[in-house]
2 protein chains.
Amino acid sequence: MAIFLSTYVNKVDRKGRVSVPASFRAQLTPQNQPGIVVFRSFKLPALEAGGFDRMEEMSRRLETLEQFSEEYDSFSALFADMQQLPCDPEGRIMLPGDLAEYAGITDSAAFVGGGPTFQIWQPQVFARHQAEVRAKAKEKGLTFPARRPGEGS
Amino acid sequence: MAIFLSTYVNKVDRKGRVSVPASFRAQLTPQNQPGIVVFRSFKLPALEAGGFDRMEEMSRRLETLEQFSEEYDSFSALFADMQQLPCDPEGRIMLPGDLAEYAGITDSAAFVGGGPTFQIWQPQVFARHQAEVRAKAKEKGLTFPARRPGEGS
DNA sequence: CCATGATATCCCATGAATTCCCAAAAGGCG
DNA sequence: CGCCTTTTGGGAATTCATGGGATATCATGG
């Protein structure tokens, strides 16, 4: 299973292209489908992304929900919002205008590893968000590795 | 299970490379991935580090949480701050500038064994920290956790 | 069905940063 | 005292991000 780590900030050129970090690409190439799949995050001003296999996984999970339930509908709506972005030979993607706009991305983009998936942010917006999350994590005392649920300190 | 013991101080050369202590490497080589995973400690001016397997475990645990839940988010945020640092053939890693800066590391780094993981410190900062911790432990008369029922030897 | 313009894709070039490779110092051990 | 492992150093080769020009693809209107 692919694992996306660390944060990389790359430039968006005037044609709207951005390099996907090489280490992310390395996680993606094993797939049959080249490129990434992206959709707008529910909660955050950012884009959720992953390999094609990740979306297949989400599709399988969706099937565990009851069809015609409200939950099912809202998640299946996610798939309507997804776009598959192919990589060019140099490993870049073209960020469609509507997605870039949603995330507020203009001249550079932060690729943020999140384990099995990753996100794409406007760098400064991410920096603020990251600071908040880090403060919370500190409160909660998350460590490396995080304590297992049930394994009280 | 890898166990990291003792403290080693190695030099950082002008390219930003440091040797990982040979005994640490010996603990890491059994893994498929050569190299270590590092992130900034929440509480301390130091870097937390471990083998790649630690991180895979985190990723697996993350998969057991519901995506888009708050718990999932704060957990996956840890990955954004982690960096996988591969070893070169001589057993060195490249310490990225932002991490080195966070720990105040410039020309030498202390690798501090911490059992299943280890830390990387600026040597003098670590010396002070070490002294404090020992003093506190003595004061409090710390005890070591007993074995839990049901856990393997 | 063709012409036209805009968009997207490919291909190559450049500079910077990283990684490899070889080799010398330093330290440990018999 | 000499051998072996480990650390350290630097030059060469490679990878990577980025930019621009040329070519292909698509949608639109005629």
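Given the structure is predicted, the values throughout are model-derived calculations rather than measurements. Values below: every heavy atom of this structure, side chains too, minus hydrogens, waters and symmetry copies. Chain letters run A, B, ... following the sequence lines, proteins first and then strands; every chain starts at 1.
One can place CD1 of A:I93 at 12 Å from P of D:dT18, the figure rounded to the nearest angstrom. One can place CE of A:M94 at 18 Å from C1' of D:dA17, the figure rounded to the nearest angstrom. As a whole-Å value, the separation of B:Y8 OH from C:dG28 P is 11 Å. Atoms CG (A:L85) and P (C:dA8) sit 11 Å apart, rounded to a whole Å.
If B:R92 and A:V12 are placed on DNA chain D by their nearest nucleotide, the residue sitting closer to the 5' end is B:R92. Between B:C87 and A:R17, the one whose closest nucleotide on DNA chain C sits nearer the 5' end is A:R17.
Among the heavy atoms of the strands, none lies under 4.0 Å from B:V18.
Scanning atom types as modelled, no donor and acceptor separated by under 3.5 angstrom connect the side chain of A:E90 and the base of C:dC10. Within 3.5 Å, a donor on the side chain of B:K15 pairs with an acceptor on the base of D:dG11, or the reverse.
Taking the six-membered ring for Trp and the full ring otherwise, the centers of B:F4 and B:F24 sit less than 6.0 Å from each other.
Proximity of A:R14 to the phosphate of D:dG20: a side-chain N or O atom is located under 4.0 Å from OP1 or OP2.
Proximity note for A:P21 (side chain, C-beta onward) versus D:dA17, D:dT8, D:dG19: the nearest is D:dA17.
No donor-acceptor distance shorter than 3.5 angstrom exists from the side chain of B:Y8 to the backbone of B:V20, with no hydrogens or angles considered. Side chain of A:D81 to main chain of A:R40: a donor-acceptor pair is present (N/O by atom type, distance under 3.5 Å, no hydrogens or angles).
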Discussion item. Working note: B:Q84 + A:I3, criterion side chain to side chain contact (heavy atoms under 4.5 Å, CB included); need CA distance, chi angles, decisive distance, verdict.
Written reply: CA-CA 11 Å; B:Q84 185 176 9; A:I3 298 184; over 6 Å; no
